[in-house]
Amino acid sequence: MDLLPVVLDLLGIFVFALSGALLGVRIRFDIVGVMVLGAVTGLGGGIVRDVLIGAIPPASFNDWRYLAVPLLTGLIAFRFHPDLVKIERYINWSDAMGLGLFSVLGTQKALIVGLDPIPAVLMGILTGVGGGVLRDLLANRMPSVLREDVYALPSLAGSLVVVISWELGVFRSWMLIPAAALCIVLRLLAIRFRWSAPRATDW
Amino acid sequence: MDLLPVVLDLLGIFVFALSGALLGVRIRFDIVGVMVLGAVTGLGGGIVRDVLIGAIPPASFNDWRYLAVPLLTGLIAFRFHPDLVKIERYINWSDAMGLGLFSVLGTQKALIVGLDPIPAVLMGILTGVGGGVLRDLLANRMPSVLREDVYALPSLAGSLVVVISWELGVFRSWMLIPAAALCIVLRLLAIRFRWSAPRATDW
Amino acid sequence: MDLLPVVLDLLGIFVFALSGALLGVRIRFDIVGVMVLGAVTGLGGGIVRDVLIGAIPPASFNDWRYLAVPLLTGLIAFRFHPDLVKIERYINWSDAMGLGLFSVLGTQKALIVGLDPIPAVLMGILTGVGGGVLRDLLANRMPSVLREDVYALPSLAGSLVVVISWELGVFRSWMLIPAAALCIVLRLLAIRFRWSAPRATDW
């Protein structure tokens with residue numbers, strides 16, 4: 001059993017749970033709401049992926065670490081959250097990291113169960129954005145993937161790195177790290193420099 | 001085949017469907033909308049649970065009673081709903097009963113298919129809150145589980161009773177009733193006395 | 001392999017994706033958001049259906065055409081959308097066509113995998129309304145199925161034609177076309193003449 005994907009998966013759960021829990025703090029949920037929103041954000045993308053590829057029950061239900069990580073994260077965010085002024089920035093950072101990690105892990109898992117390249121990319125994007133979409137739906141916000149200017153494209157980029165190296169037969173587990181890093185850097189640059197894609201009303 | 005879980009399941013579907021249908025009446029849906037919102041609320045939690053544990057197609061699709069109960073409930077709520085002034089209270093009561101019944105039934109079903117104790121508790125809570133979350137998403141409200149102060153904790157309490165008695169080897173079907181009652185009473189007390197969990201902004 | 005259902009399925013994906021992409025244009029999403037909203041609307045109903053009947057991974061993940069159609073539709077809608085004044089009408093038309101096609105296809109697919117008549121009708125309606133519900137949730141609107149006066153009933157009508165002809169043993173693939181047409185015509189008439197079902201507050 002290759003350890004790296006598990007470590008990256010738990011890291012992805014942690015950062016996504018952090019983004020959900022911090023959003024919960026910002027919109028003044030109580031401690032239970034903060035933990036629930038953190039857990040849904042951290043586990044949601046992986047559960048959606050597992051349901052769609054038939055890995056039932058989802059991996060996160062058979063391994064206590066997958067549940068302990070988001071719940072502890074919720075508690076920590078609740079107790080030690082940064083100033084409310086700075087909180088939006090931390091939400092964006094942790095969300096970007098989760099997007100990167102889950103996009104490449106979701107793509108890899110789809111390839112392992114035998115999906116073709118294009119569906120595997122789709123599954124990677126779904127895994128990457130799934131947790132954040134559930135978080136935003138529950139918090140009654142327009143999901144980031146639609147609201148933010150450049151959100152799905154970084155996920156696509158990370159996913160493509162995995163699929164292309166897989167198809168060329170050179171994929172190794174460690175390549176998940178630069179692939180995720182590519183997505184994370186692109187997403188953070190998009191936030192920093194307010195990159196925007198064209199809008200229909202511009203035409 | 002043990003009859004009690006089926007009876008409790010249909011009762012849970014009835015009370016959750018009632019909460020959804022009454023909410024539909026309150027926000028002035030037409031008769032079809034009331035029936036749809038009732039059916040989604042009544043069946044949603046169980047369908048989510050069945051998808052996640054791999055019981056496909058969901059039990060509610062193979063048994064006409066599981067469909068007849070929420071649709072008839074919708075019709076009844078539409079025709080004989082209480083005064084709009086009192087309707088919120090009835091929504092809360094039926095929602096609390098559904099939460100209790102589905103939390104303990106979801107936990108039991110997860111244990112039967114072989115999940116470990118902690119995932120089984122998680123599945124119980126998901127089953128208990130699932131229908132209400134779908135109801136609130138469709139009605140464009142913030143889901144109760146996040147909005148209400150003490151909502152998930154009663155579900156956790158009922159779930160724990162089932163898991164602990166199961167692990168001790170003393171579980172019997174009739175124990176579903178006191179376990180559900182514990183959850184329902186806690187939830188109603190939380191509503192009555194406006195119990196609230198700590199908020200991050202208090203710190 | 002019968003070609004007609006595949007053609008109708010792709011046509012349904014096209015028209016639903018068009019409704020989602022046009023809604024994205026209208027609420028001023030960027031090009032990625034328009035394509036994502038189109039893809040979710042076009043593929044959502046079918047994915048929900050496939051998950052619920054255990055056809056995992058969903059058909060749309062194993063066939064590149066199922067992905068190419070909604071993404072190209074999104075691009076086309078983005079580039080060549082009609083005047084914003086007329087756009088609502090086109091959203092309604094394409095949504096009605098998608099509702100009709102997916103309602104009858106979902107019912108047929110459920111019957112093929114062995115569901116009973118009533119669950120098959122339910123599955124048809126879920127397939128028909130699923131994509132539109134996801135579209136409206138992501139766009140933070142109240143879902144059409146609840147908001148619109150006569151929405152689920154046309155879906156029920158088309159679904160019943162399929163189930164009844166199947167049960168009588170006279171079902172042939174071409175009957176999907178008049179069944180879908182019945183649903184589409186009823187839905188368009190409902191829009192045109194503002195048919196409305198009774199509301200609870202009328203009583």
Side-chain angles (χ1 to χ4, degrees), chain B residues 20-41 43-44 46-48 50-52 54-68 70-71 74-84 87 133-143, chain C residues 47-56 58 106-107 109-126 128-130 132-134 136-157 190 194-203:
Chain B
L22 289 175
L23 178 62
V25 167
R26 200 170 64 105
I27 57 184
R28 299 181 189 222
F29 283 170
D30 65 20
I31 185 167
V32 179
V34 166
M35 289 174 73
V36 169
L37 197 59
V40 168
T41 313
L43 302 178
I47 289 176
V48 169
D50 288 344
V51 165
L52 290 178
I56 297 288
S60 51
F61 286 26
N62 281 327
D63 184 335
W64 64 270
R65 295 170 301 179
Y66 280 77
L67 192 53
L71 292 179
L75 269 181
I76 293 169
F78 184 79
R79 183 67 188 83
F80 302 107
H81 66 78
D83 290 344
L84 288 175
I87 214 167
V133 167
L134 290 173
R135 174 194 64 208
D136 293 339
L137 285 179
L138 289 177
N140 217 0
R141 310 200 306 174
M142 177 88 71
Chain C
I47 290 176
V48 169
R49 175 201 59 207
D50 289 344
V51 165
L52 290 178
I53 64 177
I56 297 288
T107 305
K109 197 154 177 180
L111 290 167
I112 289 173
V113 300
L115 265 67
D116 283 335
I118 293 176
V121 167
L122 176 68
M123 191 65 81
I125 297 175
L126 265 180
V129 307
V133 167
L134 290 173
D136 294 339
L137 285 179
L138 289 178
N140 217 359
R141 309 199 306 174
M142 177 89 71
S144 306
V145 66
L146 299 173
R147 199 170 33 93
E148 299 288 333
D149 282 331
V150 176
Y151 192 91
L153 290 179
S155 169
L156 174 65
R194 301 174 188 276
W195 287 347
S196 68
R199 273 156 213 289
T201 46
D202 299 344
W203 294 58

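All chains are named by letter (A, B, ...) in the order of the sequence lines, taking the proteins before the strands, and each is independently numbered beginning at 1. Atom set for the values below is all heavy atoms of this structure, side chains included, hydrogens, waters and symmetry mates excluded.
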Peer 1: So which heavy atom on L137(B) is nearest to which on L137(C), and how close?
Peer 2: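 So the minimum-distance heavy-atom pair works out to O-CD2, 3.6 Å.
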Peer 1: Examine whether an atom of L37(B) lies under 4.5 Å from a heavy atom of chain C, and if so say whether it belongs to the side chain, the backbone or both; otherwise answer neither.
Peer 2: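 L37(B) touches chain C through backbone and side-chain heavy atoms alike.
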Peer 1: Please classify the contact between V133(C) and chain B as side chain, backbone, both or neither, with a heavy-atom cut-off of under 4.5 Å.
Peer 2: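 Answer is side chain: those atoms of V133(C) sit under 4.5 Å from chain B.
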Peer 1: Quick one, V32(B) and L153(C) - any side-chain contact, counting heavy atoms below 4.5 Å?
Peer 2: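 Counting from C-beta outward, V32(B) and L153(C) do come under 4.5 Å.
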Peer 1: Would you mind checking which part of I53(C) comes under 4.5 Å of any heavy atom in chain B, side chain (CB onward), backbone (N, CA, C, O), both or neither?
Peer 2: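 Backbone only.
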Peer 1: Between A39(B) and chain C, which part of the residue has a heavy atom less than 4.5 Å away: side chain, backbone, both or neither?
Peer 2: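 It is neither, since no heavy atom gets under 4.5 Å.
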Peer 1: Go through it in stages, so that I can follow the logic: the residues are L52(C) and I47(B), the test is side chain to side chain contact (heavy atoms under 4.5 Å, CB included), and I'd like the CA-CA distance, side-chain angles, deciding distance and then a yes or no.
Peer 2: CA-CA 8 Å; L52(C) 290 178; I47(B) 289 176; 3.6 Å; yes
Peer 1: Taking atom CE of M142(C) and atom CD1 of I27(B), what is their separation to the nearest 0.5 Å?
Peer 2: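 CD1 of I27(B) is found 4.5 Å from CE of M142(C).
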Peer 1: Which bit of L156(C) is near chain B, if near means a heavy-atom gap under 4.5 Å: side chain, backbone, both or neither?
Peer 2: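 Interface part for L156(C): neither.
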Peer 1: More than 12 foreign heavy atoms under 6.0 Å from CD1 of I118(C): is that the case here?
Peer 2: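 12 or below, so no.
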Peer 1: Do N140(B) and N140(C) have side-chain heavy atoms sitting under 4.5 Å apart?
Peer 2: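 Answer yes - side chains close enough.
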